[in-house]
Structures are given as C-alpha cells and as structure tokens.
Student: 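Dropping a structure here in structure tokens format, bear with me for questions.
Please read all numbers here as calculations on a predicted model, not as lab measurements.
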Amino acid sequence: MTCRVSLPLAFAHHQHQPPSSSSTAASLIQCALTKQGHRFLSTLSVNAGDPSAANKLIGKFVASSPKSISLNALSHLLSPDTTHPHLTSLSLLLYSRIKEASWFEFNPKLVAALAALLDKQGRYGESEALILEAISKLGHRQRELALFYCNLVESHSKQSSNHGFDSSYTLLYQLLRNSSSAYVKRRAFESMVGGLCTMDRPGEAESLMEEMRVEGLKPSVFEFRSVIYGYGRLGLLREMLRIVHQMENEGLVIDTICSNMVLSSYGAHNELPQMVSWLRKMKTSTIPFSIRTYNSVLKSCPTITAMLQDLKSDIPLSMGKLNAILEADEALLVQELVGSRVLEDAMVWDSLEVKLDLHGMHLGSAYLIFLQWMEEMQNRFKFNDDGKLVVPAEVVVICGSGKHSTLRGVSPVKTMIKEMTVRMRSPMKIDRKNAGCFIAKGRSVKDWLC
C-alpha cells in the first residue's frame with residue numbers, strides 16, 4: 001500500500017516520534033484507499049442524502065470489515081487530499097461506529113485528524129468534545145499529551161484551519177513552557193515550526209527557531225527544511241536562500257531533500273534559470289538527484305507539461321526530437337537531468353529481464369525517463385562490441401494500473417506509455433497477468449530497436 005505525505009513532510013518525515021501500539025492506524029491517515037473502501041464509499045455516495053440509509057451502510061461496513069479496512073476508509077475521509085470530500089461530513093459517524101468495534105483501540109493521532117476536520121467544517125463543539133475526551137484519557141502522561149497536541153497542530157495546519165491551529169498551538173506552547181523534558185520541548189518545537197510553515201507563516205517559524213536556541217536546543221534539519229520550503233512556497237526566494245546558507249553555516253548538510261524543496265520553489269515561481277543553476281550546484285556538490293528531483297523540475301517546464309496534456313498531439317518520441325522543440329531554459333534543465341543516475345536506479349538489466357519501474361514519477365518524469373530508457377537500450381544492443389551482452393528473456397515496464405491515482409483505476413502514466421508504444425509500433429503490450437505492466441520478449445525488443 002502506497003502512502004502519500006503532505007508537504008513539507010513529503011520531503012522530511014518525522015524522525016523523533018517513537019512507534020506506538022496503534023501505529024498502524026496512525027499511519028493510515030494518508031494512505032491510499034483500499035479496493036474495499038472504494039466500493040464502500042462509492043455506495044455511500046449514492047445514499048449520502050438519506051441519513052438512515054447512510055447510517056445502516058456505515059454500520060454494516062464496519063461490522064463486516066477487518067480493522068485495517070475500516071480505519072483506512074476513515075483515514076481517507078480525514079485526509080485533506082480525499083477524493084470523496086462530499087462524504088467528509090460523515091466521518092464522525094464512521095468513527096463512532098468504529099469505536100463500537102471489539103478491536104477498537106484509542107488512537108490520539110486519528111482523533112486529532114478528526115477533530116481538525118470537524119473544526120474546518122465549523123463543527124467546533126464536536127471537535128472540542130473529541131479533544132477533551134482525548135485529554136481525559138491521556139491524563140497526566142505528559143509525553144503522550146504532548147504528542148497529542150503535536151498531532152493536533154499538524155492536523156489543523158494540513159486542513160488550513162486558522163481557528164483550530166491557533167487554539168492547538170497555544171495548548172502546545174503552554175505545555176512546552178511548563179515542561180522540563182528535553183524530548184517534549186524538541187517534539188513540540190518541531191511540530192510548531194512545521195505547522196507554522198504549512199500555514200504560510202515561515203517568519204514566525206524562524207523566530208521560534210531562535211527560541212529553541214534560547215532553550216538550549218539546536219534546530220534540526222527538519223526545522224530548517226520547513227522554513228526553507230515555507231519561504232520558497234510563498235515566493236520569498238531570497239529569504240529561502242538565506243536560510244539555506246544559515247543551514248550550511250551551522251554545519252548541516254544540504255541534501256537531496258532540501259535541494260528538491262529549492263527546485264520546487266523556483267519552479268512554482270517560473271524561475272527556470274535558477275533551477276538550472278541549482279541543478280549544476282547539486283552536481284558540483286555531488287548531491288544525488290532523485291525521482292522527486294525529476295518531478296520538481298519537469299512539472300515546471302511549460303512546453304513538456306502542455307504537450308503531455310494532449311497525448312493525441314504529435315509528442316516527440318525520441319530524445320533528439322524532444323530537444324529540438326524545447327526552449328533554451330527547458331532544454332538546459334533536461335540536459336542536466338539526463339546526466340544523472342535516476343534512470344540507472346529505476347532500471348534493472350540482467351539475463352532474465354530488463355525492467356523499468358516508473359512508480360512515483362509524475363507524467364513528465366515518466367515521459368523523459370522512458371525516452372532515456374529507450375535510448376539506453378538501443379545503445380546497449382547496438383554497441384555491444386565485445387559480444388558479452390546477453391539479450392534478456394523479457395522486457396518489462398512497470399507503470400501501475402491506477403490503484404493510487406486520484407481517479408482510481410485510471411493511470412495517466414499507463415495511458416501515456418500505451419499511446420507512445422502504439423505510435424512507436426513497439427512490440428510491448430499490456431501484460432495479461434498484470435494490467436499495470438507492459439511486457440515483450442527481449443529478442444523482439446532488440447530486433448525492433450536495432
């Protein structure tokens with residue numbers, strides 16, 4: 001099951017929170033909807049206008065579903081990225097039915113996510129009741145109470161709920177001030193800095209980092225990344241770079257994650273020349289590129305983005321033809337990308353099979369990687385001077401079948417690869433055993449390419 005994490009946490013997962021007995025339920029808050037959950041929510045959509053019918057459907061679903069499926073459906077509704085926003089008003093009812101299940105365990109992170117959603121919907125009384133219930137259960141266990149407040153701050157920030165965020169921020173700040181625990185202080189600062197940046201308040205987050213120093217705590221990579229991305233997302237690019245330099249001066253490494261934040265920020269504000277410069281800086285500093293580097297760069301290339309919106313258009317089917325239509329800045333960006341190891345990391349080549357895995361790639365990234373891959377295969381087949389290259393038995397391209405797409409069952413990458421292979425008259429076809437793969441005999445692909 002593939003999980004999606006909101007920015008800035010997409011770039012930097014928390015490293016300080018210990019696993020709990022209910023970590024499975026907690027982790028489901030941002031996981032893709034299961035097949036059973038999809039069927040349930042589709043049926044619920046039809047009956048959402050009838051409270052009695054909706055109530056019966058929810059009760060039946062929870063009673064007949066295992067713990068993981070029920071929690072996954074609830075978690076999907078709690079996510080700001082849910083594909084069923086019209087059903088989120090039923091989240092509290094679904095949670096109430098889940099609480100009645102024999103397997104139910106109180107989960108503070110799930111409660112925080114639900115309370116944040118209710119607050120966003122203006123259901124302040126119900127949100128407050130959930131929070132008070134959680135505080136009562138946690139009692140005087142300061143560390144667990146602090147983690148719950150941290151979850152509240154993070155959940156409210158993801159919902160962009162000013163009312164709930166300010167309230168939970170105040171609770172956490174007060175607890176921080178009254179605590180002598182270094183763990184509680186660090187975890188609280190981390191959540192508050194991250195939350196402020198998600199709420200587009202990076203200046204306040206930077207001030208909070210100064211408070212950390214007063215408390216004897218050195219800001220970590222997480223806090224710096226949060227503020228860098230907070231300024232970058234707002235287009236305050238000089239401030240973003242100032243924090244990057246400050247991070248370097250404090251001895252912290254500017255890594256791939258941080259670099260991708262910078263690239264994403266430049267791209268969001270159409271600063272393509274600066275993206276080229278940053279990619280070159282990454283190479284000079286031996287900072288490895290990643291799939292996310294490709295994603296951040298290529299979604300900012302207007303020619304490629306516009307071209308792939310209409311797959312029936314005359315899209316280039318080779319690297320040479322692509323380079324011929326790109327404007328100067330875009331051509332330089334593509335040139336910098338293709339010299340990296342990302343293709344090599346996404347590819348397997350042995351005597352049994354050649355495999356290309358496009359999972360995690362946005363449409364533009366999958367397009368460019370696929371073109372690079374075709375060129376790489378052709379070069380290996382053609383320039384096999386020593387005759388030692390064994391033609392693999394099979395060639396496989398893994399693109400997914402849309403299980404985790406915004407529209408379940410529809411994979412934009414699969415649609416694009418299908419269109420390209422048809423136009424290229426490639427021997428590759430959709431695998432009968434796995435609809436998310438294209439497959440062909442290795443000998444057929446070699447004959448086709450050479």
Side-chain angles (χ1 to χ4, degrees), residues 1-2 32 289-295 297-299 304-305 307-322 334 337-338 340-382 384 389-450:
M1 185 179 295
T2 302
F289 291 5
S290 67
I291 289 174
R292 189 176 291 277
T293 308
Y294 264 66
N295 290 344
V297 171
L298 292 171
K299 72 178 181 181
I304 294 176
T305 301
M307 179 181 67
L308 295 179
Q309 289 178 350
D310 181 13
L311 295 176
K312 297 298 182 182
S313 63
D314 189 22
I315 61 174
L317 298 177
S318 70
M319 288 298 301
K321 291 180 179 178
L322 173 63
V334 168
L337 290 177
V338 297
S340 73
R341 286 180 49 89
V342 174
L343 171 62
E344 189 173 338
D345 293 339
M347 180 177 66
V348 172
W349 188 303
D350 56 39
S351 60
L352 293 178
E353 67 176 1
V354 171
K355 182 188 296 182
L356 178 67
D357 191 346
L358 300 178
H359 275 124
M361 299 184 192
H362 293 176
L363 202 58
S365 301
Y367 168 71
L368 182 59
I369 287 288
F370 187 73
L371 291 184
Q372 285 183 252
W373 182 67
M374 300 294 289
E375 192 171 85
E376 176 66 16
M377 282 201 302
Q378 188 174 44
N379 288 337
R380 291 197 187 191
F381 284 134
K382 278 187 174 181
N384 180 27
L389 181 66
V390 177
V391 177
E394 287 187 332
V395 176
V396 181
V397 175
I398 305 170
C399 56
S401 56
K403 290 182 180 179
H404 308 300
S405 299
T406 302
L407 183 59
R408 187 179 177 86
V410 178
S411 167
V413 170
K414 177 184 174 181
T415 302
M416 178 187 69
I417 298 299
K418 181 179 179 180
E419 181 69 24
M420 292 176 70
T421 54
V422 169
R423 288 180 53 194
M424 290 176 173
R425 297 182 180 178
S426 164
M428 304 200 69
K429 308 293 181 185
I430 294 176
D431 187 358
R432 293 180 181 178
K433 297 179 181 179
N434 186 344
C437 295
F438 289 80
I439 192 167
K441 297 295 183 183
R443 179 61 60 181
S444 298
V445 173
K446 179 181 184 300
D447 292 344
W448 167 64
L449 286 172
C450 300

Student: Can you tell whether the side chains of Glu419 and Lys312 come within less than 4.0 Å, N to carboxylate O?
Tutor: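 Between Lys312 and Glu419 there is a salt bridge, with a charged N closer than 4.0 Å to a carboxylate O.
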Student: Would you check, one step at a time, whether the test salt bridge (charged side-chain N to carboxylate O under 4.0 Å, His left out) holds for Arg423 with Asp314?
Tutor: CA-CA 10 Å; Arg423 288 180 53 194; Asp314 189 22; 3.0 Å; yes
Student: Which atom names give the shortest non-hydrogen contact between Met361 and Ile291, and what distance separates them?
Tutor: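 Smallest interatomic distance, heavy atoms only, reads CG-CG2, 3.7 Å.
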Student: Just wondering, do Met377 and Val354 contact through their side chains at under 4.5 Å, heavy atoms?
Tutor: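 Touching, per the 4.5 Å side-chain cut-off.
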Student: When the aromatic ring centroids of Phe438 and Trp373 are compared, is their separation below 6.0 Å?
Tutor: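 Between Trp373 and Phe438, which both carry aromatic rings, the centre distance is not below 6.0 Å.
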Student: For the residue pair Leu371 and Met420, establish whether any side-chain heavy-atom pair is separated by less than 4.5 Å.
Tutor: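 Touching, per the 4.5 Å side-chain cut-off.
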Student: Looking at every heavy atom in both Trp448 and Arg425, which two are closest together, and how far apart are they?
Tutor: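 Smallest heavy-atom distance, with atoms named: NE1-O, 3.4 Å.
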Student: For a quick test of reading the model, state the closest non-hydrogen atom pair linking Ala440 to Val445 and the distance between them.
Tutor: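 Closest approach of Ala440 to Val445, heavy atoms only: CB-CG2, 3.8 Å.
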Student: Applying side-chain contact (heavy atoms from CB on, under 4.5 Å), run through Thr293 and Val342 and close with a yes or a no.
Tutor: CA-CA 9 Å; Thr293 308; Val342 174; 5.8 Å; no
Student: Tell me whether the guanidinium CZ or amine NZ of Arg380 lies under 6.0 angstrom from the six-membered ring centre of Trp349 and within 45° of its axis.
Tutor: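 Output yes; distance and angle both within limits.
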Student: Is there a side-chain contact between Met424 and Met374 (heavy atoms, below 4.5 Å)?
Tutor: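 Counting from C-beta outward, Met424 and Met374 do come under 4.5 Å.
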Student: Indicate yes or no: at least one non-hydrogen side-chain atom of Gln372 is less than 4.5 angstrom from one of Ile369.
Tutor: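 Gln372 vs Ile369: side chains touch.
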